[in-house]
Amino acid sequence: MLEKHKPSNIAIFASGGGSNARKIMEHFKDSSVGQVTLVVSNRRNAGVLAIAEEHGIPTQIIDRQGFYETEEILGVLKEHQIDWVALAGFLWLIPAYLVRAYPQRMLNIHPALLPKFGGKGMYGHHVHEAVKAAGVAETGMTIHFVNEHYDDGDILFQASCPVSPEDSAEEIARNVLALEHRYFPETIEKVILRG
Ligand code: GRF
């Protein structure tokens, strides 16, 4: 008889509105592959916290000192038996101790085609404004493993969309976000299945 596996536990780290986090929660709602069992945020008023509450998912607020000067978050992740971490719009750099605790088990999404338009300060509207200013013909999104540098780990998946000269940064952002919503949950699922 085949042994039935328990779904893997996923923690989402997010700093903002949480539209990607919502897609991930919805995708894994009744999944046998994974389940979102914790949401971590560095902002008390982040939209993602209300979304977690709607889904009955526990939340954890972190502060800068605790995150960088202690390893307390490891205890929280352990308590919730977290197997995978998805960064969905989480703006703080992941400290080395946390990268080491989740080797190739922590994924980030970035709203551009890395290695272009990535690195410190390249987040949110800054990315799309830089894309517009550069006059490139396409942009997109990248899902990659997390290492100790911003937007730098091994790339797992990229998807692109065209940019026309008339597109505003807001329009570019909308097109990219649609790609993120479409591909982030399924990429997480594929990576979990691959083990
Ligand atoms: C996304 O564009 C993601 O790529 C970036 O931050 C944004 C988060 O948006 N890292 P949301 O909070 O998921 O709506």
Side-chain angles (χ1 to χ4, degrees), residues 10-29 34 36 38-55 57 59-62 67 84-94 98-99 102 106-134 136 138-163 167-189 191:
I10 305 164
I12 298 177
F13 282 42
S15 304
S19 70
N20 276 287
R22 181 191 288 282
K23 292 286 173 192
I24 298 167
M25 290 174 207
E26 286 168 357
H27 180 90
F28 287 102
K29 201 161 173 276
V36 180
L38 180 67
V39 168
V40 176
S41 184
N42 59 310
R43 284 186 44 227
R44 249 168 223 294
N45 55 355
V48 70
L49 297 172
I51 300 173
E53 199 172 317
E54 251 176 62
H55 286 79
I57 296 169
T59 58
Q60 176 74 36
I61 305 290
I62 52 173
F67 195 54
W84 295 88
V85 176
L87 309 184
F90 183 67
L91 295 182
W92 287 358
L93 187 67
I94 300 298
L98 189 47
V99 174
Y102 287 88
M106 192 181 300
L107 282 67
N108 181 43
I109 190 158
H110 184 77
L113 295 171
L114 291 174
K116 283 180 280 179
F117 307 108
K120 193 167 163 57
M122 273 293 171
Y123 62 89
H125 65 99
H126 299 291
V127 177
H128 307 298
E129 276 155 17
V131 164
K132 181 163 177 58
V136 292
E138 63 165 17
T139 187
M141 59 106 220
T142 303
I143 297 165
H144 64 94
F145 283 125
V146 175
N147 67 15
E148 291 156 40
H149 309 283
Y150 279 114
D151 305 325
D152 186 56
D154 294 343
I155 291 175
L156 283 155
F157 183 80
Q158 292 187 301
S160 58
C161 55
V163 180
D167 286 346
S168 64
E170 290 71 28
E171 280 162 326
I172 298 171
R174 251 198 314 277
N175 294 336
V176 171
L177 194 64
L179 291 177
E180 297 187 59
H181 290 169
R182 175 158 171 210
Y183 291 112
F184 200 15
E186 69 176 58
T187 302
I188 297 170
E189 178 168 309
V191 171

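Throughout, residue positions are numbered sequentially from 1 according to the sequence presented. Each ligand, and each atom within it, is numbered from 1 in the order the structure gives.
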Between Phe90 and Phe13, how do the two ring planes meet: parallel, tilted or perpendicular, split at 30° and 60°? perpendicular
Ligand 1 versus Glu180, non-hydrogen atoms closer than 4.0 Å: side chain, backbone, both, neither? side chain
Quick check on contacts: which atoms of ligand 1 are under 4.0 angstrom from a heavy atom of Ile109? 3 (C), 4 (O), 10 (N)
Within the distance-only criterion (no hydrogens, no angle test), does the side chain of Ser160 pair as donor or acceptor with the backbone N or O of Glu138 below 3.5 angstrom? no
Which is closest to atom 13 (O) of ligand 1 by heavy-atom distance: Leu91, Asn20, Val127? Asn20
Exactly one of Ile57, Val39, Thr59 should register a side-chain contact (heavy atoms from CB on, under 4.5 Å) with Val48. Which one does? Val39
Hey, is Glu54 close enough to Arg22 for a salt bridge, meaning N to O under 4.0 Å? yes
So between Gly18, Gly47, Gly89, whose heavy atom ends up nearest atom 8 (C) of ligand 1? Gly89
List every atom of ligand 1 that sits less than 4.0 Å from any heavy atom of Ser19, numbering the atoms from 1 in the order shown and giving each element. 11 (P), 12 (O), 13 (O), 14 (O)
Hey, does Leu98 have a side-chain heavy atom less than 4.5 Å from the side chain of Phe67? yes
